[in-house]
Amino acid sequence: MRFAVFGAGGVGGYLGARLADAGHDVHLIARGDHLDALRTDGLTVESVAGDTAVELPATDDPADIGPVDYVLFCVKAHDTREAAADLGPLLGDDTAVVSFQNGVDNERWLAEEVGESHVVGGVAYIFSTIAEPGVVEHTGGPARFVYGELDGERTDRIAALDDALRSCAGVEAVLADDIDVELWRKFAFICAHSGMTAATRLPVGDVRDAEDSWRMYRRVVEEVCAVARANDVALPDDTAAEWVEFAQELDADSYSSLHYDLTHEKAMELDALNAAVVRHADGTDVAVPMNEAVTAVLRPWAERFADG
Ligand SMILES: NC(=O)C1=CN([C@@H]2O[C@H](COP(=O)(O)OP(=O)(O)OC[C@H]3O[C@@H](n4cnc5c(N)ncnc54)[C@H](OP(=O)(O)O)[C@@H]3O)[C@@H](O)[C@H]2O)C=CC1
Ligand SMILES: CC(C)(CO)C(=O)C(=O)O
């Protein structure tokens with residue numbers, strides 16, 4: 001199958017390399033020093049699930065690639081709209097654009113640009129970054145990828161994507177019954193984990209050890225779950241409790257990509273995370289003071305690093 005990875009960074013580079021190793025035709029879209037390194041030295045993945053190195057065609061111009069079966073859409077949420085406007089040359093009649101981003105708005109933003117029939121929802125559970133140009137480092141997380149058609153249908157293309165991802169070493173592939181639930185489920189965790197590790201600039205162990213901060217972490221999760229339900233998302237009742245238990249077991253030194261971006265002075269996904277909770281709460285009767293507080297604390301940093 002023919003794949004284009006739009007945004008071959010921590011998530012996209014990891015998936016692209018694993019799919020190429022499984023025998024698929026993979027094209028990378030990247031930019032800057034990372035693109036230069038991909039072209040000259042190939043893509044190296046240093047991973048707790050096993051290292052690999054692949055030589056793949058890489059470009060910053062989708063027209064060099066042409067129509068593909070799947071676009072794995074893996075740019076940061078603040079780049080979604082701009083990147084979506086460049087998807088045209090990659091689209092055939094049945095091309096699926098699969099967002100593996102954090103946040104609950106990317107699928108809608110993509111649909112506004114390319115039409116809903118092209119969009120597939122997705123969620124990534126991995127901790128991986130561009131360690132240096134051309135090198136993706138996967139330091140932890142299960143490398144679990146969850147995906148599904150927006151209307152929940154078992155189409156041929158989602159079944160074929162499922163087969164392709166299941167065939168990859170180092171990938172735990174899950175076809176979701178209701179991708180909206182999965183998007184909000186991850187959102188509940190990531191808003192708390194990212195928001196609190198970035199706001200405190202400390203790993204989750206320190207947050208857990210400070211009673212006030214740990215209570216705030218739990219309240220962020222609970223607020224997001226309440227907003228999901230107020231927006232008619234059928235989140236299971238035990239979602240908040242599951243995430244709190246999960247966060248209790250996380251390595252004490254676990255941070256988040258939002259913390260990484262903050263401490264590396266890169267553009268932050270605040271508008272797609274805690275600030276999005278505040279937006280989605282608007283017009284419901286759910287109060288979200290903890291997400292408002294996280295947003296307010298991080299806003300000056302997000303503004304400062306907005307241009308990345
Ligand atoms: N990394 C992780 O562990 C996890 C990340 N996620 C989510 O996955 C998404 C992707 O994150 P991540 O992989 O970390 O991001 P990265 O920054 O590592 O990778 C994105 C890449 O896309 C490039 N890019 C952006 N726009 C364009 C464009 N128009 N043309 C060409 N290249 C472009 C970026 O370049 P540049 O650097 O120049 O902007 C960057 O190299 C985010 O929503 C994130 O929250 C979810 C789970 C875990
Ligand atoms: C859950 C976590 C922390 C790693 O999968 C993540 O999604 C992120 O940091 O963006």
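The chain is numbered in sequence order, starting from 1.
Using the six-membered ring where Trp is involved, Y217 and W214 have ring planes that are tilted, between 30° and 60° apart.
Among pairs with a residue in residues 225-245, those fulfilling salt bridge (charged side-chain N to carboxylate O under 4.0 Å, His left out) read R185-E242, at least two apart in sequence or across chains. A salt bridge (charged side-chain N to carboxylate O under 4.0 Å, His left out) check over residues 97-119, counting only residues at least two apart or in different chains, returns the pairs R81-E112, D105-R108, D105-R279, R108-E112. For residues 135-158, the ring pair (Phe, Tyr, Trp, His ring centres under 6.0 Å) pairs, not counting sequence neighbours, are Y14-H138, F100-F145. Applying the salt bridge (charged side-chain N to carboxylate O under 4.0 Å, His left out) test to residues at least two apart or on different chains, the pairs with a partner in residues 200-224 are E211-R215, D212-R215. Among pairs with a residue in residues 293-305, those fulfilling salt bridge (charged side-chain N to carboxylate O under 4.0 Å, His left out) read D271-R299, at least two apart in sequence or across chains. Residue pairs satisfying the ring pair (Phe, Tyr, Trp, His ring centres under 6.0 Å) criterion with at least one member in residues 289-308, sequence neighbours excluded, are listed as follows: W301-F305.
Not a single ring pair (Phe, Tyr, Trp, His ring centres under 6.0 Å) links F127 to another residue, sequence neighbours left out. In this view, D162 and R166 satisfy the salt bridge (charged side-chain N to carboxylate O under 4.0 Å, His left out) rule, not counting sequence neighbours. With sequence neighbours left out, the salt bridge (charged side-chain N to carboxylate O under 4.0 Å, His left out) criterion links D25 to R2.
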For residues 70-77, which side-chain donor-acceptor pairs fall under 3.5 Å, sequence neighbours excluded?
residue, atom, partner, partner atom, Å
Y70, OH, R157, O, 2.5
Y70, OH, L161, N, 3.3
K76, NZ, D261, OD2, 2.8

Identify all side-chain donor-acceptor contacts of residues 282-290 below 3.5 Å with residues at least two apart in sequence or on another chain.
residue, atom, partner, partner atom, Å
T284, OG1, A281, O, 2.7
T284, OG1, V286, N, 3.1

Please list, one pair per line, the donor and acceptor atoms closer than 3.5 Å that link side chains of residues 82-89 to other protein atoms, with sequence neighbours excluded.
none

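In this structure a side-chain-to-backbone donor-acceptor pair under 3.5 Å is missing from R154 to A159. Looking at D151, its side chain does come within 3.5 Å of a backbone N or O of E153 through a donor-acceptor pair. In this structure, K186 contributes its side chain and A124 its backbone to a donor-acceptor pair below 3.5 Å.
L258 CG to L270 CG: the interatomic distance, rounded to the nearest 0.5 Å, is 6.5 Å.
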